[in-house]
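One structure is given below, encoded as structure tokens.
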Amino acid sequence: MSFRFHDSLTREVRTFEPAEPGVVRMYNCGPTVYSHVHVGNLRSNVCWDVLRRALELGGYRVRQIMNITDVGHLTVDDVADAAGEDKMEFAARREQLDAWGIAAKYTAYFHDVRRKLNVRDAEQYPHATAHIPEMIAHIEELIRSGHAYVTPVGNVYFAVSTFPAYGRLSGNTVEELDAGARIEVLEEKRDPADFALWKRDDKHQMQWDSPWGRGFPGWHIECSAMARKYLGDTLDIHTGGEDNAFPHHECEIAQSEALTGRTFARFWLHTRFLLVDGQKMSKSKGTMYVVEDVEARGFAPRVLRYYLLSAHYRAPMNFTWDALTAATESVRGFDAMVRRVTPDAVAPNDPAVAVACAKADKDFLAALEDDLNISAALAAVHELRGAMNKVSAFSPADAARAWGTIDRIDSVLGLGLRDAAKPQDLGDADVQRLIDERNAARKARDFARADQIRKDLLAKGIVLEDTPQGVKWRRV
RNA sequence: GGCGGCGUAGCCAAGUGGUAAGGCAACGGAUUGCAAAUCCGUCACUCCCCGGUUCGAUCCCGGGCGCCGCCUCCA
């Protein structure tokens, strides 16, 4: 068996084999660090984290690189007056920090949140600002080979006409872009579709010396330069949000392939946007939720992770609080399953355990190999859950076998099921005393008293479960 | 206007040319002092609509309707 992925460039699902056997070179377009990453950003982070983990479960070594875009880049963002203010500078003015301070602050925030959602560390997180020399070298090479030109004022543009394949990824053509009239038409450009590699601007907060004067790099060049530096001329997988396909990835392909003459990325994977209540997230509607908003509603980060990974990466997903409630139930169900899987020295082996585990292992991976069919993969986990819940007691051998399967599954889902299975520490002598008191009341058949204690504990978020093995409890 | 995606039970959501996985919710039952948890069972006969191809289509083709995204440096 092998993985199959949908490649945005060819618009078909193809069998995936990395260029170098056993090693996958993956580049993820990362965050622009000028504000808080929101749940939409997190969806793509979780998707690519699951992809990376799935590839690892499949036996590959994954070299994952994610860029941090800490150079501002021209945009009007929410600024009404189209003055072309830099995002980083806009944020800086708002928060009275300089552009570098903003980048540092939100980079740290990004990593904090990412870790909360158990998104594993990539091999490297190269910062754009730390790779200006590489970008300049890349641009110089493009100028030398005739793919880029310098204007009289010292701006450098990529000449789209020198790269016939431009537009293949997005389905746009240079002619249609001309008609669009939405792109910047500047006299100094040879073709309206030409895009900036270097902008000269000595008023920009972030600026560097270059052969063309002090200025800053165009947005697209950082990924081409950094991907090449860390992973080489050809990537196996390049990912991003659906919005990145054009213009960003289109431009990356042009810049990289014009330079190397080699395929830049063998597979392009794009996630669809996360909608909120059926609509695109919007700052003005207050639907750009961040992790703290989710936690404030009482949902744990691992529930958010489960929710975000529970839909196919290439399908639009609609974020609602009800959906998170349903996700909570699913996670609780998994937790309940794993807590049952404890070795019992006197229990006999149950052949059903081996059968169910083998099936779950097989079905889970096979589903992921099929263009990350997460729904089918989760169905396999639910099937395992049902089978495990029917086992009355696990022999040490069965428990070990079951945990092997659970660990493999959780190596991809990342829900921390090992931790969920650990006996919880009451940490509160008063609570334990109440449970003891309730047990005494039950023994004395004073059920009114027993139920009152249970109700009081529930009010504190503690649920009691009377089992043949004694009273168990968990937090809501 | 150009490009692309989607429309499956109350909700989320797989999937196949031969009559619809899974989850959540709901309901019935077992179990329980009562609960919780767990187990068993029930829950789509227009898979948006209309045509066509076919022995047969939810899945293929054509046409609609509806929703969404990109073309604006938002993942």
Side-chain angles (χ1 to χ4, degrees), chain A residues 8 11 28-32 34-35 37-48 69 71-77 86-87 167 170-173 175-177 179-184 195-196 218-220 239-248 250-251 270-275 278-283 288 307 310-318 320 322-323 325-330 332-333 336-337 339-340 363 367 370 373-383 385-386 388-390 392 442 445-448 450-451 454-455 458 463-468 471-474:
Chain A
S8 305
R11 298 191 176 92
N28 306 129
C29 266
T32 302
Y34 67 96
S35 67
V37 294
H38 50 67
V39 289
N41 298 310
L42 290 174
R43 179 192 187 190
S44 58
N45 273 92
V46 168
C47 280
W48 308 135
T69 297
V71 179
H73 298 306
L74 286 175
T75 176
V76 294
D77 196 32
D86 184 288
K87 261 185 188 173
S170 59
N172 289 324
T173 65
E175 297 74 59
E176 281 159 4
L177 289 171
R182 238 34 194 306
I183 50 177
E184 214 181 357
F195 56 91
W219 174 42
H220 317 300
T239 71
E242 60 174 320
D243 57 314
N244 285 147
F246 189 89
H248 186 50
E250 196 76 77
C251 295
H270 291 102
T271 46
R272 296 300 303 270
F273 273 134
L274 177 73
L275 307 176
Q279 297 296 316
K280 190 167 168 174
M281 275 190 283
S282 126
K283 211 171 274 181
M288 280 193 149
Y307 170 67
S310 67
H312 188 78
Y313 73 95
R314 211 149 38 71
M317 182 171 202
N318 189 23
T320 62
D322 283 350
T325 300
T328 304
E329 274 310 300
S330 289
R332 192 203 52 68
M337 165 187 72
R339 283 189 311 182
R340 294 172 58 98
D363 292 349
D370 183 17
N373 187 337
I374 193 69
S375 294
L378 291 176
V381 183
H382 279 110
E383 199 177 326
R385 172 186 163 195
M388 293 300 103
N389 283 339
K390 276 174 219 160
S392 50
R442 290 176 71 208
R445 303 196 69 77
D446 179 2
F447 296 121
D451 291 348
R454 185 169 66 197
K455 200 175 158 193
L458 180 62
V463 177
L464 298 188
E465 297 175 10
D466 298 331
T467 75
V471 179
K472 293 191 176 177
W473 69 278
R474 62 187 167 84

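Protein chains get the first letters and strands the later ones, always in sequence-line order, with residue 1 at the start of each. Here the structure is a predicted model, which is why all the values come from computation and not from measurement.
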Pair of N/O donor and acceptor under 3.5 Å linking B:G33 base with A:D451 side chain:
yes
Hey, does A:E383 reach any base, or is it just sugar-phosphate, or nothing, if we go heavy atoms under 4.0 Å?
nothing
Respond yes when some side-chain nitrogen or oxygen of A:K390 is under 4.0 Å from OP1 or OP2 of B:C40, and no when none is.
yes
For B:U38, does either OP1 or OP2 sit under 4.0 Å from a side-chain N or O belonging to A:R332?
yes
Does A:E242 reach a base, just sugar-phosphate, or nothing at all? Heavy atoms under 4.0 Å.
sugar-phosphate
Nucleotide opposite B:A44 in a Watson-Crick or G-U pair, distances under 3.5 Å:
none
Between the side chains of A:R272 and A:E242, is the shortest nitrogen-to-carboxylate-oxygen separation below 4.0 Å, so that they form an ion pair?
yes
Pairing partner of B:A21, by Watson-Crick or G-U wobble and under 3.5 Å for both distances, is none
So what does A:G40 touch, heavy atoms closer than 4.0 Å: a base, only the sugar-phosphate, or nothing?
base
Distance check, C1' atoms only: B:C67 and B:C34, in whole angstrom units.
48 Å
B:G69 pairs with which nucleotide, Watson-Crick or G-U wobble, both distances below 3.5 Å?
B:C3
OP1 or OP2 of B:G15 under 4.0 Å from side-chain N/O of A:N373
yes
Taking any heavy-atom pair under 4.0 Å as a contact, classify A:L464: base, sugar-phosphate, or nothing.
base
Please state how far atom NE2 in A:H312 lies from atom P in B:G5, giving the value in whole angstrom units.
13 Å
What about A:R454: does its side chain form a donor-acceptor pair under 3.5 Å with the base of B:A35?
yes
G-U wobble or Watson-Crick pairing nucleotide for B:A36 (cut-off 3.5 Å, both distances)
none
Span that lies between the P atom of B:U58 and that of B:U8, in whole angstrom:
15 Å
Scan nucleotides 27-32 of chain B nucleotide by nucleotide, 5' to 3', and note B when protein non-hydrogen atoms come under 4.0 Å of the base, S if they reach only the sugar-phosphate, - if neither.
------
Non-neighbouring partners of A:D446 that pass salt bridge (Lys or Arg N to Asp or Glu O under 4.0 Å), sequence neighbours left out:
none
